[in-house]
Amino acid sequence: LTLEARLRRALAEGELRLYYQPQVDIASGRIVGAEALLRWQDPDEGLISPDRFIPVAESSGLIAPIGQWVLEEACRQAQQWLTAGLPALTMAVNVSPRQFLLGDLVAGVGQALSQSGFPANFLELEITESAMAERPEQALALLNRLGDLGLRLAVDDFGTGYSSLAHIKRFPIDVLKIDQGFVRDIPESADDMAICSAIIAMGHSMGFAVLAEGVETPAQLDFLRERGCDNYQGYLRSRPVPPDAFEALLRAQS
Ligand code: G
Ligand code: G
Ligand code: MN
Ligand code: NA
């Protein structure tokens, strides 16, 4: 069986899972959000990383039903935590470049929100800057329609793609996510520290919140706090974990 055929079966047989990684408010240390990260629990191979199957999903068109499943499952889970009385969280969902430009994303998001009852203003879509830059006029129209639904928009992997600040400025963006590649070598790399400082200052001056990814050490966190970065994700707080483990993290702080 090809990977594509196996992936098609995985979707039908319910072998896809969402893991969740905390998004932490740097000032208070509290978990204020979750990024949903897709996993494939294959009966033979075990857990398969999205790095292996998202490209296949994108080239085969399976990204549409898989992306829709992710949206619906993330909203369902977030609403369940809300109903259970846990503090409200932003739920961040990755949207692949192909899924972004496919066209029916607005309808799909609307459906995930209405069937779950999850409030739109707590849903955040993560879109890479390259996906936004590929067809900027189409992206602007789409981002405006998504923004009109009331949800939040984040630029994923910021600093690594081919975006122009002229576009970013016109897009209805809420959050810049600093790519983990700029965080990894702090505090050894003066260049990376300068880049992070610049992104934080520029993001704030344009009215965006800034989140740093891939934070693994207290020294990295101290640097980001000192520079006024708003939020972080990374192994320092937690790896992406299954829903029950994430819920335990939430209960431990409430
Ligand atoms: O979770 P890491 O855990 O290994 O994710 C690897 C890559 O897969 C990252 O680039 C991440 O953005 C991407 N990814 C994870 N989950 C999803 C998803 O639900 N949809 C899309 N399009 N990409 C995802
Ligand atoms: O492309 P995106 O930024 O959505 O993907 C996030 C990826 O980063 C996932 O594969 C996730 O598991 C991984 N990740 C999250 N936190 C850390 C971290 O602290 N260190 C490293 N090396 N990877 C991380
Ligand atoms: Mn992401
Ligand atoms: Na990222």
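Whatever order the structure lists ligands and atoms in, that order sets their numbers, starting from 1. As the structure is a computational prediction, the values presented were derived from the model and not from experiment.
- Remark: Arg170 engages Glu137 in a salt bridge, criterion side-chain N to carboxylate O under 4.0 Å.
- Using a 3.5 Å distance cut-off with no hydrogens or angles, the side chains of Gln68 and Glu72 do pair a donor with an acceptor.
- Taking backbone and side-chain atoms together, Glu213 has no N/O/S atom less than 2.8 Å away from the Mn ion (ligand 3).
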- Step by step, work out the side-chain hydrogen bond (donor to acceptor under 3.5 Å, both in side chains) result for Glu35 and Gln23. CA-CA 7 Å; Glu35 179 177 0; Gln23 299 186 328; 4.9 Å; no

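- Aromatic rings of Trp81 and Phe118 (six-membered ring for Trp) have centroids beyond the 6.0 Å cut-off, not under it.
- Near Gly234, the atoms of ligand 2 lying under 4.0 angstrom from a non-hydrogen atom of the residue are 16 (N), 19 (O).
- When the N, O or S atoms of Glu35 are ranked by distance to the Mn ion (ligand 3), OE2 comes first.
- Every atom of ligand 2 with a heavy atom of Val215 under 4.0 Å away is listed here by number and element: 19 (O).
- Ring planes of Trp40 and Phe53: perpendicular class, angle over 60° (limits at 30 and 60°).
- At least one N/O-N/O distance between Leu38 and ligand 1 falls below 3.5 Å.
- Residues Gln21 and Gln233 bring a donor and an acceptor atom of their side chains to less than 3.5 Å of each other.
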- Task: For Arg98 and Glu58, run salt bridge (Lys or Arg N to Asp or Glu O under 4.0 Å): C-alpha distance rounded to whole Å, both residues' side-chain angles, the deciding distance at 0.1 Å, then the answer.
- Result: CA-CA 6 Å; Arg98 175 95 187 271; Glu58 285 233 300; over 6 Å; no

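- Looking only at atom types and distance, the side chain of Glu124 has no donor-acceptor partner in the side chain of Thr90 under 3.5 Å away.
- Residue-level proximity to ligand 1 for Ile54 is carried by the side chain, the only part with a heavy atom below 4.0 angstrom.
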- May I have the step-by-step check of side-chain hydrogen bond (donor to acceptor under 3.5 Å, both in side chains) for Asp157 and Thr160, ending in yes or no? CA-CA 6 Å; Asp157 304 339; Thr160 63; 5.0 Å; no

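- Between the side chains of Ser197 and Arg227, at least one donor N or O lies within less than 3.5 Å of an accepting N or O.
- With a 4.0 Å cut-off on non-hydrogen atoms, Asp179 does not touch ligand 2 at all.
- The distance from ligand 1 to the heavy atoms of Ser96 drops below 4.0 Å at these ligand atoms: 22 (N).
- Under the 4.0 angstrom criterion for non-hydrogen atoms, Gln233 is not in contact with ligand 2.
- Using a 4.0 Å cut-off to heavy atoms of Gln21, the atoms of ligand 2 that qualify are 15 (C), 16 (N).
- Arg225 and Asp222 are joined by a salt bridge, as a carboxylate oxygen and a charged side-chain nitrogen come within less than 4.0 angstrom of each other.
- Taking only non-hydrogen atoms, the option from Ser238, Pro50, Ala36, Pro240 nearest to atom 11 (C) of ligand 2 is Pro240.
- Under the 4.0 angstrom criterion for non-hydrogen atoms, Arg39 is in contact with ligand 1.
- Applying the 4.0 Å criterion to heavy atoms of Val70 picks out, from ligand 1, the atoms 19 (O).
- Looking at Arg239 against ligand 2, nothing comes within 4.0 Å, counting heavy atoms.
- Counting heavy atoms under 4.0 Å from ligand 2, residue Asp51 does not touch it at all.
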- Evaluate the salt bridge (Lys or Arg N to Asp or Glu O under 4.0 Å) criterion for residues Asp42 and Arg6: first the C-alpha distance (whole Å), next the side-chain angles of each, then the deciding distance (0.1 Å), finally the verdict. CA-CA 9 Å; Asp42 182 79; Arg6 287 172 54 210; 3.4 Å; yes

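- Taking every heavy atom of Glu213 and a limit of under 4.0 angstrom, the matching atoms of ligand 2 come to 3 (O).
- In summary, an N, O or S atom of Asp156 is located under 2.8 Å from the Mn ion (ligand 3).
- Counting heavy atoms only, Gln180 comes closest to atom 7 (C) of ligand 2 of the residues Gln180, Gln220, Lys177, Arg184.
- Of all N, O or S atoms in Glu126, the one lying closest to the Mn ion (ligand 3) is OE1.
- For atom 21 (C) of ligand 2, the nearest non-hydrogen atom from the set Glu35, Glu216, Arg237 comes from Glu216.
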